[in-house]
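Worksheet: the structure to be examined is printed underneath.
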Amino acid sequence: VPRPTLTTAFGAGLSVAAIAGTAGFLIGRYPLLRPYLPVQFSEEGLPSRWVAKSFTLVLMPVWMQVVLAIVFGTLALVLLWRAVPADDRLAAEDSARMLVTAEAVVLLSAIWIAFQALGAAELDRLWERGWGGYRPFYGQALVVAIVLSLVVGVRAITLLGRSAPRPEPVPSAHWRFNLYVNPRDPALFVPARRGGGWTVNFGRPHAILLIVLVVAIGVGGPLFIVRYLTS
């Protein structure tokens, strides 16, 4: 795997620090929490369902962070693995795009893992009170996280736009239902058929595996955790 950029390393370090800090905070607070914790609330903010306290339940924000780290980390590793330095100009440009995309993925991961850390503090406060809801500060932090994510996205698009696209056209014979399928093309990402941007080469097994993994963990992981811990 090529060496990541300093920004990528910073984002990864921030994610690890946020996960470790969240786990340490919740473990330290565990003895002070009530034997039974509210997991559902009415519209008036009154608890309607309680679950026995356990480390598995209390550390729920950490499990969410781990799921985010696995999904974004896997995507970043695949991008870094594809960013193999090469002497060929086209291959070098493709490698540069992979590094920029990996950088954006890791930064997005750091933003939302850090947001889960804030959620853990709000959840602990809610468990301590036993009623009510999250403070307005939580909603404001959500807006900040969304804005930062947009900034990261715009930055990545700007940097990707500086690299010249492939001079040769992508053969139309390899497009099926607007999906690019070409097992002989080593590129994992290719220019989109219509408009700007990039799309995945579905002819590469790594691309299909990556999409399945991201969807399965990113969507199914949080749902499974919440359902399991509150059952």
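In what follows, residues are counted from 1 in the order of the sequence shown.
- Leu32 CG: more than 12 foreign heavy atoms inside a 6.0 Å radius.
- At a threshold of 4.0 Å, the pair Arg34-Glu128 does not count as salt-bridged, since none of the basic side-chain nitrogens sits closer than that to a carboxylate oxygen.
- With rounding to the nearest 0.5 Å, the separation of OG1 in Thr7 from CD in Glu103 is 4.0 Å.
- Residues Lys53 and Pro35 have side chains not in contact (no heavy-atom distance under 4.5 Å, counting atoms from C-beta outward).
- Summarising the geometry of Pro38 relative to Gly130, their closest heavy-atom pair is CG-CA, 4.3 Å, with the distance given to 0.1 Å.
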Please step through side-chain contact (heavy atoms from CB on, under 4.5 Å) for the pair Trp112 and Ser149, ending with a clear verdict.
CA-CA 9 Å; Trp112 291 104; Ser149 299; 3.0 Å; yes

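- Taking each heavy atom of Ile19 and Ala69 in turn, the nearest pair found is CD1-CB, 4.1 Å.
- Between Leu26 and Leu123 the shortest side-chain heavy-atom distance does not fall below 4.5 Å.
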Walk me through whether Thr56 and Trp63 qualify under side-chain hydrogen bond (donor to acceptor under 3.5 Å, both in side chains).
CA-CA 9 Å; Thr56 306; Trp63 310 141; 5.4 Å; no

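- With Leu148 as the fixed residue, the side chain to side chain contact (heavy atoms under 4.5 Å, CB included) test singles out one of Leu107, Ile111, Val143, Leu108: Ile111.
- Side-chain heavy atoms closer than 4.5 Å link hydrophobic residues (I, L, V, M, F, W, Y) into clusters, and following such links, possibly through other members, connects Ile27 to Leu37.
- Judged purely by atom type and a 3.5 angstrom limit, Ser109 has no side-chain atom pairing as donor or acceptor with the backbone of Val105.
- Side-chain heavy atoms closer than 4.5 Å link hydrophobic residues (I, L, V, M, F, W, Y) into clusters, and following such links, even through other members, never connects Trp50 to Leu57.
- Of all heavy-atom pairs between Val106 and Thr8, the closest is CG1-O, 3.3 Å.
- A pairwise comparison of heavy atoms in Leu14 and Ala110 identifies CD2-CB, 3.9 Å as the closest pair.
- Here the straight-line distance linking atom OG1 of Thr101 with atom CG of Leu75 works out to 8.5 Å at 0.5 Å rounding.
- Taken together through direct or relayed side-chain contacts under 4.5 Å among Ile, Leu, Val, Met, Phe, Trp and Tyr, Phe115 and Val147 form parts of separate hydrophobic clusters.
- From Asn182, atom CG reaches atom OH of Tyr180 across 3.5 Å, with rounding to the nearest 0.5 Å.
- Both Val51 and Phe55 belong to a single network of hydrophobic side chains, linked directly or stepwise wherever heavy atoms of I, L, V, M, F, W or Y lie under 4.5 Å apart.
- Between the side chains of Thr22 and Gln116, not a single donor N or O lies within less than 3.5 Å of an accepting N or O.
- The number of heavy atoms from other shown groups lying within 6.0 Å of CZ (Phe10) does not exceed 12.
- Within the model, atoms CE of Met60 and CD of Gln65 stand 12.0 Å from one another, a figure rounded to the nearest 0.5 Å.
- One distance of note links CG of Leu118 with CD of Gln140; it measures 10.5 Å at 0.5 Å rounding.
- Residues Ala76 and Ala102 come closest through the heavy atom pair O-CB, 4.0 Å.
- The CE atom of Met64 lies 13.0 Å from the CD1 atom of Ile113; values are rounded to the nearest 0.5 Å.
- Hydrophobic clustering, with ILVMFWY side chains joined whenever heavy atoms are under 4.5 angstrom apart, groups Tyr30 together with Val66.
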